[in-house]
Amino acid sequence: MTVRTRFAPSPTGFLHIGGARTALYCWLESRRRGGEFVLRIEDTDRERSTDAAVQAILDAMQWLGLNHDEGPFYQTQRLERYRQVADDLVKAGKAYYAYESKEEIEAMREAAMAKGEKPRYNGYYRERNEPLRDDPNRVIRFKNPTEGSVVFDDKVKGRIEWANAELDDLVIFRSDGWPTYNFAVVVDDIDMGITEVIRGDDHVNNTPRQINIYHALGATVPEFAHLPMILDKEGKKLSKRTSAVSVMEYRDDGFLPHALLNYLVRLGWSHGDQEIFSTDEMIALFDIADVNKAASRFDTEKLAWLNQHYLKTDDPQTLAPEFAWHLARAGVDTSNGPAPADVIVALRDRVHTFKEMVEKAMIWYGPIVEWDDKAVAKHLKNDTAVAVLQQAKTLLADCEWKPEPIHRVIERIAATLELGMGKIAQPLRVALTGTQVSPSIDHTLYLAGRAEALTRIEAAIGRAQG
RNA sequence: GCUCCCUUCGUCUAGUGGCCUAGGACACUGCCCUCUCAAGGCGGGAACACGAGUUCGAGUCUCGUAGGGAGCACCA
């Protein structure tokens with residue numbers, strides 16, 4: 001049988017880190033086993049679902065490259081199907097109408113809690129067989145077995161057993177005419193032929209109820225795999241307040257989709273000591289059964305390390321479009337400056353993200369906006385600096401404009417003036433950037449372009465003497 | 001409160017009874033390299049939550065304790 005997994009987010013916000021990892025694992029599991037990956041939007045919460053959120057999720061999935069084979073399916077378009085299945089259940093005596101108001105249910109819960117019991121529905125209408133009647137409070141409840149237990153072998157958590165006595169008759173159809181989550185997922189997963197249900201472990205407690213519904217419907221129960229949570233640096237639930245949670249925020253912050261994927265795949269899963277995984281390796285090696293049981297914390301520093309790793313090892317030409325996107329987003333006009341791919345080569349050892357790279361690249365795409373007084377005082381305000389700059393101005397005017405020849409010119413100045421490289425590079429660096437920090441001086445000069453470099457050196461001579 | 005789940009360096013993890021004086025990676029840190037900043041190379045510190053038991057032998061199996069998490073909705 002073909003393996004079919006699904007990712008089923010509810011469109012109440014952006015795709016967050018935890019959801020992205022769940023989607024990744026679903027995607028990898030289907031890919032490795034030659035199966036299919038289905039995308040389903042669980043939008044039965046009419047209050048909180050929005051079209052914008054649906055689009056945001058689709059965009060994020062696309063940016064990550066997690067392509068689906070089927071869907072997206074929308075639960076709101078399947079109302080008739082849910083209604084039909086629920087009616088069949090009622091006709092078969094496996095579900096029933098109940099008429100308590102929300103207030104009555106609430107009172108029931110509180111009473112149970114007061115007695116030290118688990119809050120459960122008391123089954124008042126279960127065996128009454130009252131004739132169907134119109135009522136604003138009318139819901140359909142599932143007749144959960146009262147005896148025995150539900151056992152399932154979770155692929156990550158292991159064997160889990162649940163006494164039916166702990167479960168109550170959950171509502172499967174609300175008074176507003178919409179199905180509830182626990183019912184809709186089961187109907188969908190059956191109809192869509194899902195064989196592996198991979199989702200967050202906040203759903204573990206729902207699984208026994210769902211399995212009972214599968215049985216009532218006479219359907220084959222799929223395999224389950226419940227993934228542990230991803231916590232923030234402090235070990236708390238990830239929240240917008242403390243860290244970036246939306247995957248698109250990571251794109252905007254200058255991370256590469258593959259770096260994020262690599263980080264996420266290692267968060268809760270491993271293959272020996274291997275840290276770096278290409279997409280193909282992930283697909284070949286990932287196995288949902290190897291996922292850890294415990295929650296893990298999101299560590300931005302390790303993500304940053306991975307991102308720099310890919311910045312350093314990916315082909316600058318293939319990275320260039322993404323970098324150009326960030327430059328454009330920052331309002332940089334690249335037509336009057338160096339090629340983005342050249343800038344990547346010069347800066348990739350010095351930054352962790354494209355965002356940082358854009359900031360450092362500004363020295364080549366615009367005038368010096370700010371002069372570091374300390375740098376000027378230390379490296380420009382002296383006679384040797386002036387001598388260096390003057391020689392540079394002359395010799396750089398007609399050397400071949402490439403890093404290597406430029407480097408030879410600098411060495412020649414050092415030899416003529418009998419100075420160490422530091423005495424040459426720093427004045428030039430301040431002249432070119434206004435600061436004491438930049439990539440190697442030959443590349444810094446090269447990327448500025450001959451005309452701009454000479455202009456800045458000229459200006460620096462004036463500043464040094466003024 | 002009840003039910004279920006989790007627990008190896010600061011963090012992500014390796015480890016499936018002897019290969020563990022517990023390995024790797026990020027972070028931190030020392031040295032080297034060096035035109036600045038990085039990057040890189042070579043080192044360093046750092047963990048089996050606790051207690052019983054099973055066993056010749058336990059990070060690995062069992063049971064308790066403690067701590068943490070999730071769920072107990074007409075939300076997904």
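Letters A, B, ... are given to chains in the order of the sequence lines, protein chains preceding strands, and every chain is numbered from 1. Every heavy atom of this structure was used, including side-chain atoms; hydrogens, water molecules and symmetry mates were not. Remember, it's a predicted structure, so these values are computed and weren't measured experimentally.
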Name all pairs fulfilling the side chain to side chain donor-acceptor pair (under 3.5 Å) condition that reach into residues 408-418 of chain A, sequence neighbours left out, sorted by first residue then second.
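Qualifying pairs: A/H407-A/E411.
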
For [N] and [M], measure between their [atom1] atoms and round to the nearest Å.
N	M	atom1	answer
B/rU54	B/rU60	P	15 Å
B/rC19	B/rA52	C1'	28 Å
B/rG41	B/rG15	P	26 Å
B/rC2	B/rG24	P	45 Å
B/rA39	B/rC32	C1'	14 Å
B/rA47	B/rC20	C1'	13 Å
B/rG23	B/rU62	C1'	28 Å
B/rA49	B/rG69	C1'	16 Å

Interatomic distance where [atom1] belongs to [X] and [atom2] belongs to [N] [whole Å]:
X	N	atom1	atom2	result
A/L167	B/rC4	CG	P	12 Å
A/K157	B/rG69	NZ	P	14 Å
A/L419	B/rU36	CG	C1'	17 Å
A/F152	B/rC4	CZ	P	12 Å
A/N307	B/rC26	CG	P	15 Å
A/N262	B/rA25	CG	P	15 Å
A/I363	B/rC37	CD1	C1'	11 Å
A/F255	B/rC26	CZ	C1'	13 Å

State, to 0.1 Å, how close A/L15 and A/I57 come at their nearest heavy-atom pair, and which atoms those are.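 The answer is N-CG1, 4.1 Å.
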
Is it the case that more than 12 heavy atoms not belonging to [X] sit under 6.0 Å from its [atom1] atom?
X	atom1	answer
A/E370	CD	no
A/R133	CZ	yes
A/K143	NZ	yes

Going 5' to 3' through nucleotides 71-76 of chain B and flagging B where a protein heavy-atom sits under 4.0 Å of the base, S where only the sugar-phosphate is that close, and - otherwise, we get BBSBBB

A correct 5'-to-3' footprint of nucleotides 7-16 of chain B, with B, S and - meaning base, sugar-phosphate only and no protein heavy atom under 4.0 Å, is S---SBSS--

* Toward the 5' end of RNA chain B, which comes first, A/R159 or A/D442, by nearest nucleotide? ->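 Mapping each residue to its closest nucleotide by heavy atoms, the 5'-most match is A/R159.
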
Review point. Hey, which of these two, A/V437 or A/E301, hits RNA chain B nearer its 5' end, going by closest nucleotide?
Key: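 Residue closer to the 5' terminus by nearest nucleotide: A/E301.
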
Within the 3.5 Å criterion, strictly below it, is a donor on [X] or [Y] matched to an acceptor on the partner's side chain?
X	Y	result
A/D299	A/Y263	no
A/E104	A/S101	yes
A/Y181	A/H203	yes
A/H226	A/T207	yes

Strand partner of [N], provided both Watson-Crick or wobble distances fall under 3.5 Å:
N	value
B/rC31	B/rG41
B/rU62	B/rA52
B/rC72	B/rG1
B/rG67	B/rC6

Using the 3.5 Å cut-off, write out each protein N or O paired with an N or O of nucleotides 39-50 of chain B and the distance between them.
{"residue": "B/rA39", "atom": "O4'", "partner": "A/D349", "partner atom": "O", "Å": "3.3"}
{"residue": "B/rA39", "atom": "O3'", "partner": "A/K312", "partner atom": "NZ", "Å": "2.7"}
{"residue": "B/rG40", "atom": "OP1", "partner": "A/K312", "partner atom": "NZ", "Å": "2.9"}

Could you check whether [X] pairs with [Y] (Lys NZ or Arg NE/NH1/NH2 to Asp/Glu carboxylate O, under 4.0 Å)?
X	Y	value
A/E275	A/K302	yes
A/D232	A/R297	no
A/R40	A/E42	yes
A/R174	A/D176	yes

(message) Taking the ring of A/F298 and the ring of A/Y250, is the distance between their centroids below 6.0 Å?
(response)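 Yes, close enough.
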
List the residues meeting side-chain contact (heavy atoms from CB on, under 4.5 Å) with A/D43, not counting sequence neighbours, and say none if there are none.
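side-chain contact (heavy atoms from CB on, under 4.5 Å) check on A/D43 returns A/P11, A/I41, A/S49, A/Y74, A/Q75, A/T76.
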
Using the rule side chain to side chain contact (heavy atoms under 4.5 Å, CB included), only one of A/I211, A/I213, A/L217 pairs with A/H215; which is it?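 One option only clears the test, and that one is A/I211.
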
Short of 4.0 Å, heavy atom to strand atom, which residues of residues 222-231 of chain A count as contacting RNA chain B?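 Result for residues 222-231 of chain A: A/M229, sorted by number.
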
